[in-house]
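Bear in mind the structure is a predicted one, so any value in this text is a computation, not a measurement.
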Amino acid sequence: MTPPELSPRAPLLVVLNAGSGSGEAERAREVIAAGCAAVQRDFHVYEVDAPGRLHACAREAVERARVLRGVVVAAGGDGTINAVAQAALGSGCAFGVLPQGTFNYFSRTHGIPSDTAEALQVLLNESPRAVQVGMVNERVFLVNASLGLYAKLLEDREAFKAQYGRHRWVAFFSGVMTILRGARPWHLHMSWHGQQRDIRTQTLIVANNALQMHQVGLAEADAPEQGQLAAIALKPQGAIAMLSLLARGALGRLGDADSVLSFTFESMTVRPVRGRGRVKVATDGEIGWLDMPLDFRVAPEPLWLIRPEVAPELEATRQ
């Protein structure tokens, strides 16, 4: 696969999520304008001021980038990056990221700084490199896709953040509250690589992010570097045991737990043993409804992300 050819003057088509506050969006716009002016690069900002506009702006930016042979840029958190990546995948356009979120797992995994000015320098000076994309049915995920308790945890986290602010301690507290409320187990039939298995689980997570998996201590953490995804399922258990698992993950020892089933695959089908025709699935933290069965797979083509050759934070977790 050949990366897109970019001229040194390729314009930036930036999808900027203003949902975190007009002040942050205005500061990001100023940084982009100053940085591009310094090197005489054209740019255009598609400012998303309502959630319903995100996908339309992403598609518009991609179409413009194809005409101008420019770079499609997502400026926002993992949800914004996901939406723009969904539009950019298969377009032939180079893709860039200016992270504005809380956790920024995608950008950190690929060596893109959280500071907007520093991330812009990566955009202006580095080259497109192939990055693996996960799919569930027709939806893209760059970090993970999940159903069950973990998806509920992400949904509750967004509600807590809307009320109390976008802070890590808010995310942690909302997670504890979700676990204490509990969740009924799922009975799923999974098939992959000629294997089949029925499981009862409170949550199923399919991961596509090496940094996140290294941080919680999973042996399959390097699956994305090997052209695979990793499935993680938690056996049903009480709230105290689930909080213990949460603590294990924080200490980087989740993979040692007997109640955790994990394995790698390239494609996998998940269907309910009974009931549940449609399910809530979280893709990179964004909740949506999908029809069963769920087909998880590695996308046949990569995302051409402008990124450094080496990602220091990811390399540090491997040492």
Side-chain angles (χ1 to χ4, degrees), residues 78-79 81-83 85-86 89 103 105-106 109-110 131-155 157 175 183 185-236 245 249 254-255 257 259-273 276 278-303:
D78 284 333
I81 295 169
N82 176 286
Q86 179 92 42
L89 185 67
F103 294 98
Y105 272 115
F106 178 72
T109 295
H110 297 295
V131 168
Q132 176 175 289
V133 174
M135 303 288 294
V136 52
N137 294 1
E138 298 307 315
R139 292 185 63 172
V140 158
F141 62 96
L142 305 175
V143 180
N144 61 50
S146 63
L147 64 153
L149 181 62
Y150 188 72
K152 177 62 175 171
L153 186 152
L154 295 175
E155 188 175 27
R157 186 183 74 186
W186 294 61
H187 195 184
L188 302 173
H189 178 78
M190 306 163 67
S191 56
W192 74 100
H193 300 335
Q195 301 184 58
Q196 298 189 47
R197 182 166 183 170
D198 287 351
I199 65 167
R200 291 182 72 249
T201 181
Q202 284 176 289
T203 191
L204 173 66
I205 305 165
V206 175
N208 185 39
N209 186 273
L211 178 61
Q212 188 180 49
M213 286 190 281
H214 271 292
Q215 286 186 341
V216 299
L218 290 172
E220 296 81 7
D222 289 326
E225 306 301 318
Q226 299 160 358
Q228 296 184 312
L229 302 169
I232 305 102
L234 307 183
K235 297 176 183 177
L245 277 183
L254 187 63
S259 56
V260 176
L261 167 68
S262 58
F263 57 89
T264 61
F265 66 92
E266 293 177 12
S267 64
M268 177 178 69
T269 299
V270 175
R271 64 181 73 246
V273 172
R276 298 185 193 261
R278 301 188 76 215
V279 293
K280 277 185 179 181
V281 177
T283 49
D284 297 340
E286 299 298 305
I287 307 295
W289 287 93
L290 293 180
D291 293 323
M292 285 285 200
L294 300 178
D295 292 313
F296 295 93
R297 65 193 184 280
V298 174
E301 55 190 302
L303 196 63

Could you report the tightest heavy-atom contact between [X] and [Y], atom names first, then the distance?
X: N137; Y: L294; result: OD1-CA, 3.5 Å
X: N208; Y: G134; result: ND2-N, 3.4 Å
X: H193; Y: Q228; result: NE2-NE2, 4.4 Å
X: L188; Y: V273; result: C-CG2, 3.8 Å
X: F265; Y: V206; result: CZ-CG1, 3.7 Å
X: A207; Y: M213; result: CB-SD, 3.6 Å

Checklist entry - Can N144 and Q212 be counted as having a side-chain donor-acceptor contact under 3.5 angstrom? => result yes
Check for a donor-acceptor pair, side chain of [X] on one end and backbone N or O of [Y] on the other, with a separation under 3.5 Å.
X: D78; Y: G285; answer: no
X: D284; Y: L142; answer: yes
X: Q86; Y: V140; answer: yes
X: E301; Y: L89; answer: no

Item to check | Residue list, salt bridge (charged side-chain N to carboxylate O under 4.0 Å, His left out) with D291, at least two apart or on another chain | outcome: R278
Item to check | For R139, salt bridge (charged side-chain N to carboxylate O under 4.0 Å, His left out) partners two or more places apart | outcome: none
Next on the checklist: Angle between ring planes, F141 versus F296, binned at 30° and 60°: parallel, tilted or perpendicular?
Outcome noted: perpendicular
Counting C-beta onward and ignoring hydrogens, is there a side-chain heavy-atom pair between [X] and [Y] closer than 4.5 Å?
X: L147; Y: W186; value: yes
X: T264; Y: Q226; value: no
X: F263; Y: M190; value: yes
X: I232; Y: S262; value: yes

Item to check | Any residue meeting side-chain contact (heavy atoms from CB on, under 4.5 Å) with T269, in chain and number order, not counting sequence neighbours | outcome: S191, R271, P293, D295
Checklist entry - How many angstroms lie between CD in E286 and CD1 in I81, if you round to the nearest 0.5 Å? => result 11.0 Å
Checklist outcome for this item: Value for OG1 (T201) from NE2 (H187), rounded to nearest 0.5 Å, stands at 11.0 Å
Checklist entry - Hey, mind stepping through M268 and L229 against side-chain contact (heavy atoms from CB on, under 4.5 Å) and telling me if it holds? => result CA-CA 10 Å; M268 177 178 69; L229 302 169; over 6 Å; no
